[in-house]
Every structure is written in C-alpha cells, then in structure tokens.
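For reference, the structure is listed below as structure tokens.
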Amino acid sequence: MITLGNYNTLRIVKKVDFGLYLDGGENGEILLPTRYVPDGSAVGDEIEVFLYLDQDERLIATTEHPLAKVGDFAWLEVSWVNQYGAFLNWGLMKDLFCPFREQKMRMQKGQSYIVFVTIDEESYRLMATAKVEKHLALLTPAELNAQGKPYLHGTEVELLIWQKTDLGFKVIIDNRYQGLIYENQVFQPLHSGDRLKGFIDHIRQDGRADVTLQPTGHQHAEAFSEVLLQYLKDNNGYCDLGDKSPSELIEDRFKVSKKTYKRAIGELYKKRLITITPEGIRLTPQKL
C-alpha cells in the first residue's frame, strides 16, 4: 500500500522515453520522470521515492527530498498567492497549497510561516495548515521518544521554534508536542523556524512542557565548568565575574544563567582548580 506525501519503496516495472513506471499496487503504475531517475536503474529494481500529486492531481514520484512530509511541522515560504489561498515552497516542482480557511492571517508572498503538512480529507489532496495547534499532542512523562525512552527531566529533544510570546518562545518538541522556553532561559538569538536541540525541564499538568536550550541542573554545570576552565586558561588564569556579579554580565559573556555559573564555580572549587574572591575567580597556581 502506497502512502501519499511520504517516502515509499516501489519496484520498477517499465522503462519509457520519459522516465520509469513504478508498481503502485491498487493505484496502478506511477511515473518517475527522467530528471529524477538515478543512474543505473533497471526494471525489477526497487527504489525509494516520494509520492505527491502533479498539476493534474495524478500520483507522481520523485527522488527529491521535500522540506517536509505529511505529519511534519515546517517553516515554509510563500511562493505565490491567488484567490483560493497561498502556495508554499516545500522543495518540489509543485508548490504546497494552503487554503485561506487554513490560515490564521492572510499569508503574504515572500513571508514564511510555521505550518503542518496533511491531507485534505475531502479532496485527498496534499495541503498545509497554519492552524498547527489542533495537530499538537499533549505530553506526559510516560510518552516515549524516538529512542524509546520516557520524557523525563533532562531528556534531550529536537525543537522547532514556533513563535515569540510574552513568556518566551513557543516550540514544537520532536515534531509532535507543544512546549515553551521561558524568556529568562534564552541566552542566544532565536527566530521562528529555527531547529535546535533542547532539554525537558518540566512537564506541566496541562500536558505542555517547559524546555531549556542547555542541559539542566548538575549536568549543565559540569559541562559549563569545562568551558569556564578553558576561559581561565585563555585569560591569564583570571575571570572578573564572581558569584556576586550581576546576572546580566554573566549571561552576556557566557550565555548561561547565574545559577549555572555559580554551580560551575562550585564544581571547579571542589576540584581545587580555582580560588574565589569577591571580585572574581582565579586558577590555582599549579594550574596556570
């Protein structure tokens, strides 16, 4: 059984001047145009292709990889707009349609938006929707990630930055769940559409997750302590920021919270690698 808007492994059944025909089972033969045919392909071979609909709404195959498939959230740019909706560039010859009814605000040519790729139940056509909330699931610690591990404090996750709010940044976790990075946990520039790694901090009772961009707690302090140690070595063994320094100065220089900075100082102090003064920290003489 083939899957529209996704990758399928199909057998080559016929070679013609304009491409290859693939076995689509109940859907009949599906064309893979010549421009997408890998060198050396022969009748009887199996080939992985992405299936979508051409301009005449017929199934067609490609070996190109779109920016998203059915079930994915993505940051896509509007190529053009007509009286029916917007057409988004998703990396294939035919743009992805987002009807006006699936837009939160009228999309503008040249602008990019977070959308969810799906199949229109009425027309069986591929489409995008900007109403992504209805496609997000709630999260519980019992949910399992791609590695089959539960979502617990400190679990590493993949994030898609969704939108800025008064509290911070809404994110989409592992292409499925809704989360939030609080403003005071952001130590780098973020923009809608950015993809980066994050870490589960807390799962709230409403099923939404608070996430951070750094490993949490002791794990993060240990990792940053190595960064701080190298900074001291590169700066004559001295740093003019101590545990009494303003958090803004610490965040500006090291892109970490004051809490993480103080923990890292504690890690280095316990190992007798530094001495602490009210004005800053210094490597012990034998470590210079």
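Residue numbers run from 1 in the order of the sequence given. The shown structure was predicted, so the numbers you read here are calculated from the model rather than taken from an experiment.
- Between K69 and V117, the closest heavy-atom pair is O-CB, 3.4 Å.
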Give the C-alpha distance, both sets of side-chain angles, the deciding distance and a yes or no for salt bridge (Lys or Arg N to Asp or Glu O under 4.0 Å) between K170 and E133. CA-CA 11 Å; K170 284 185 179 181; E133 291 90 343; 5.0 Å; no
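- Salt-bridge formation is not detected for the pair D54/K94: no Lys NZ or Arg NE/NH1/NH2 atom is positioned less than 4.0 Å from an Asp or Glu carboxylate oxygen.
- The backbone N or O of V78 lies less than 3.5 Å from no partner atom in the side chain of N89, so there is not a single donor-acceptor pair.
- Summarising the geometry, atom OG belonging to S192 is positioned 8.0 Å from atom CD1 belonging to I161; distances are rounded to the nearest 0.5 Å.
- A cation-pi arrangement is absent between K109 and W80, since the terminal nitrogen or guanidinium carbon is not both under 6.0 Å from the aromatic centre and inside a 45° cone about the axis.
- Using a distance-only test at 3.5 Å, with no hydrogens or angles considered, a donor-acceptor pair links the side chain of D45 to the main chain of A42.
- Heavy-atom neighbours of K244 NZ from other residues, nucleotides or ligands within 6.0 Å: at or below the threshold of 12.
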Run the numbers on T155 and F199 for side chain to side chain contact (heavy atoms under 4.5 Å, CB included), then give the verdict. CA-CA 5 Å; T155 300; F199 301 86; over 6 Å; no
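- At a threshold of 4.0 Å, the pair K149-E143 does not count as salt-bridged, since none of the basic side-chain nitrogens sits closer than that to a carboxylate oxygen.
- Separating the OG1 atom in T62 from the CE atom in M93 is a distance of 8.5 Å, to the nearest 0.5 Å.
- Shown here for P150 and L144, the closest heavy-atom pair between the two residues is N-CD2, 3.7 Å.
- Evaluated for a side chain to side chain contact (heavy atoms under 4.5 Å, CB included) with V115, the options M107, H135, E102 yield exactly one hit, M107.
- The main-chain N or O of G198 is never found under 3.5 Å from a side-chain atom of E156 such that the two would form a donor-acceptor pair.
- Classification of R176 and D72 as a salt-bridged pair fails, no side-chain N sitting under 4.0 Å from a carboxylate O.
- In terms of modelled atom types and a separation under 3.5 Å, the side chain of D174 and the main chain of E158 share a donor-acceptor contact.
- Atoms OG and NZ, from S245 and K258 in turn, are 7.0 Å apart once rounded to the nearest 0.5 Å.
- Between the side chain of K131 and the main chain of F116, no donor-acceptor pair closer than 3.5 Å is present.
- Between P99 and M127 there is a side-chain heavy-atom pair separated by less than 4.5 Å.
- Looking at V171, L160, L213 one by one, the single match for side chain to side chain contact (heavy atoms under 4.5 Å, CB included) with L196 turns out to be L213.
- Taking the six-membered ring for Trp and the full ring otherwise, Y261 and F254 have centroids separated by under 6.0 Å.
- The CD1 atom of I2 sits 4.5 Å away from atom CD1 of I30, with the distance rounded to the nearest 0.5 Å.
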Apply side chain to side chain contact (heavy atoms under 4.5 Å, CB included) to Y124 and L4, showing your working. CA-CA 9 Å; Y124 192 63; L4 178 65; 3.7 Å; yes
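- Aromatic ring centres of Y177 and Y151: separated by under 6.0 Å.
- Taking the six-membered ring for Trp and the full ring otherwise, the centers of Y182 and F169 sit at least 6.0 Å from each other.
- To the nearest 0.5 Å, the span separating CG on N8 from OG1 on T3 amounts to 5.0 Å.
- In this structure, the side chain of T63 engages the main chain of Y36 through a donor-acceptor pair within 3.5 Å.
- A donor-acceptor pair under 3.5 Å is formed between the side chain of Y113 and the backbone N or O of Q108.
- A donor-acceptor distance shorter than 3.5 angstrom exists from the side chain of N82 to the backbone of Y84, with no hydrogens or angles considered.
- No donor-acceptor pair closer than 3.5 Å links the side chain of D252 to the backbone N or O of E248.
- Using bins of under 30°, 30° to 60° and over 60° for the plane-to-plane angle, the ring pair Y7/F50 lands in the perpendicular bin.
- In this structure, L31 CG and T34 OG1 are separated by 7.5 Å, a value rounded to the nearest 0.5 Å.
- For CD of Q83, the number of neighbouring non-hydrogen atoms (other residues, nucleotides, ligands) closer than 6.0 Å is greater than 12.
- Judged by distance alone, the side chain of T212 and the main-chain N or O of D201 form no donor-acceptor pair under 3.5 Å.
- Under the 4.0 Å criterion applied to side-chain N and carboxylate O atoms, R125 and D120 are not assigned as salt-bridge partners.
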